[in-house]
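Written below as structure tokens is the structure these notes are about.
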Amino acid sequence: MGAIRSAEGGPLRRAGRGVGRVLRSPFTGAARGVRKATHAHGAGESGLGKLIELHAVNSAGDMMITIALASTVFFSVPTDQARGRVALYLAVTMAPFALLAPVIGPLLDRVPHGRRAAMAGAMLTRALLALTMSGAVATGGLELYPAALGVLVASKAYGVVRSAVVPRLLPPRISLVKANSRVTLGGLLATGLAAPLGAGLHQLGPEYPLYGACAVFALGTFLSFSLPHKVDSAKGEARARLVSGEHRPISIRHPRAGKPERNGKWGKRDRRDKKPGLRTVGSSVLHGLQANSAMRMLSGFLTFFLAFMLRVHPLGGLSPAMSLGVVAVAAGGGNALGTAIGALLRSRGPEAMIALVLSVSLTMAVIAAVLYSPVAIGAVAAVAGISQALGKQSLDSLLQRDVPEEVRTSAFARSETLLQMSWVVGGAIGILLPLNGVLGMSVAAGFLALGVATAVRGLLTAARRGSPHPRVA
């Protein structure tokens, strides 16, 4: 009898293992495909592939929290109440963030040896806050807002650290702009996958997307420590101060140096400058920051303004939810397209590219204000996504070209903080405006025109003159 059971059990076990392999093969195959894509062109050896995967996890978790907050603050109540709730959300979260964000870059300068721990801390903080928010998300209680502020600050801190880490993980065969494109594209793909998953979890209850976010961020906490140890190295780095004046002298204080060192390539030592740092990053970078700030303001403005306007005045023949979906797909598709274009193009003229995308954004906003229509709204969202992606990648290229390596990490951190703050300002404008499409597009054209007036001429002049400093790679 035992022999019979053994004979019968063997084939059954083998059949069970075969079924298990069949069921696992789509997932294992997808995992191998993702790993092959993220580790291509030397990214696996340098550690960039692990950063791409970490950023994908981060983006997925942020999307699940966004779905949970949107269902509570925006979709669950009538439009007038929703506007009040979002205004309260902005006041309670973004006003303190406006004070905290400028501190993030300088604070990270003081902990260059703890970047992996900083990223893990940002992940763990959001995991714990997601659990805290799960108890309040169904009722929309006031305790939701301090937790949301913590999530916002942790998310932006992660973004700043991630921008500072990329130059440390750059493979020899990939430029900085392409590396940032691949990291961003990985995040966009993860966001697209997490959105339907979060929506499905929401059907079980408003707190379930937060449970999912907690699990995702817990995974991100462990992945942060899988990054190479060189991420925590501060060898040869100093702090950067992004201030104007291309021909003003600079001084660089190295970590173990007692006095500032004279750098003949960049200018004479300034005896009056006793604080360590870079006195200038060149007009190209500064004008690039101005232009990107205008485009980031446009992104924040469209996020809030269109969310409310399309709820009250949906696109022709569509429901409010469908209208928002169309605009979200247009913006997300534009961002992905811009990221893909940036990964394929050789950024030989980043100043010209920034000037071009800013000018195109202004032109599209003016057309939408004059010829307001559903098509124009979708086009503005798509162009804004493309322009923001290409503009940011071109700014990354300028930072790589014009900022010395020893202060490049700090410059990335501070520029990212400035861009995040610009998004906050644009969002605040969007929430305060009356829900009139022509007025909204006119205001968007107005601050884009200000960006064109302050940045485009300087960018084109710098492009004709060429890099003012030798490339430091």
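One is the number of the first residue; the rest follow in order along the sequence.
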With the side chain counted from C-beta on, respond yes when [X] and [Y] share a heavy-atom pair under 4.5 Å apart, and no when they do not.
X	Y	result
Val425	Phe447	no
Ile386	Val357	no
Ser293	Leu419	yes
Leu188	Ser59	no
Leu48	Val183	yes
Leu197	Met64	yes
Gln290	Val456	no
Met63	Leu193	no

Exam field: side chain [X] to backbone [Y], donor-acceptor pair closer than 3.5 Å:
X	Y	value
Arg296	Trp423	no
Ser299	Met295	no
Ser155	Val151	no
Asn335	Ala389	no
Ser226	Phe222	no
Ser134	Leu210	no

Under 3.5 Å side-chain donor-acceptor pair for Ser387 and Ser361:
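Checked: Ser387/Ser361 side chains pair up, N/O donor to acceptor below 3.5 Å.
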To the nearest 0.5 Å, what is the distance between [atom1] on [X] and [atom2] on [Y]?
X	Y	atom1	atom2	value
Ile377	Met364	CD1	CE	9.0 Å
Leu306	Met441	CG	CE	5.0 Å
Thr184	Asp396	OG1	CG	7.5 Å
Ser422	Met297	OG	CE	7.0 Å
Leu302	Leu298	CG	CG	4.5 Å
Leu124	Leu129	CG	CG	9.5 Å

Shortest non-hydrogen contact between [X] and [Y], atoms and distance:
X	Y	answer
Gly440	Leu433	CA-CD1, 4.1 Å
Leu459	Ser284	CD2-O, 3.8 Å
Met133	Ala147	CG-CB, 3.3 Å
Met119	Leu54	CE-CD2, 3.6 Å
Gly437	Tyr372	CA-CE1, 3.6 Å
Gly186	Ile52	CA-CG2, 4.4 Å

Once you measure the plane-to-plane angle for Tyr158 and His55, does it fall in the parallel (<30°), tilted (30-60°) or perpendicular (>60°) bin?
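Taking His55 first and then Tyr158, their aromatic rings lie parallel (interplane angle under 30°).
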Classify the ring geometry between Phe305 and Phe301 as parallel (under 30°), tilted (30 to 60°) or perpendicular (over 60°).
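Correct class here is parallel.
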The test is side-chain contact (heavy atoms from CB on, under 4.5 Å); show your working for Thr339 and Gln393 and say whether it passes.
CA-CA 8 Å; Thr339 302; Gln393 292 162 23; 3.7 Å; yes
For Phe217 and Val57, run side-chain contact (heavy atoms from CB on, under 4.5 Å): C-alpha distance rounded to whole Å, both residues' side-chain angles, the deciding distance at 0.1 Å, then the answer.
CA-CA 7 Å; Phe217 286 129; Val57 169; 5.7 Å; no
Stepwise side-chain contact (heavy atoms from CB on, under 4.5 Å) test for Lys230 and Leu169
CA-CA 8 Å; Lys230 61 184 176 181; Leu169 302 178; 3.7 Å; yes
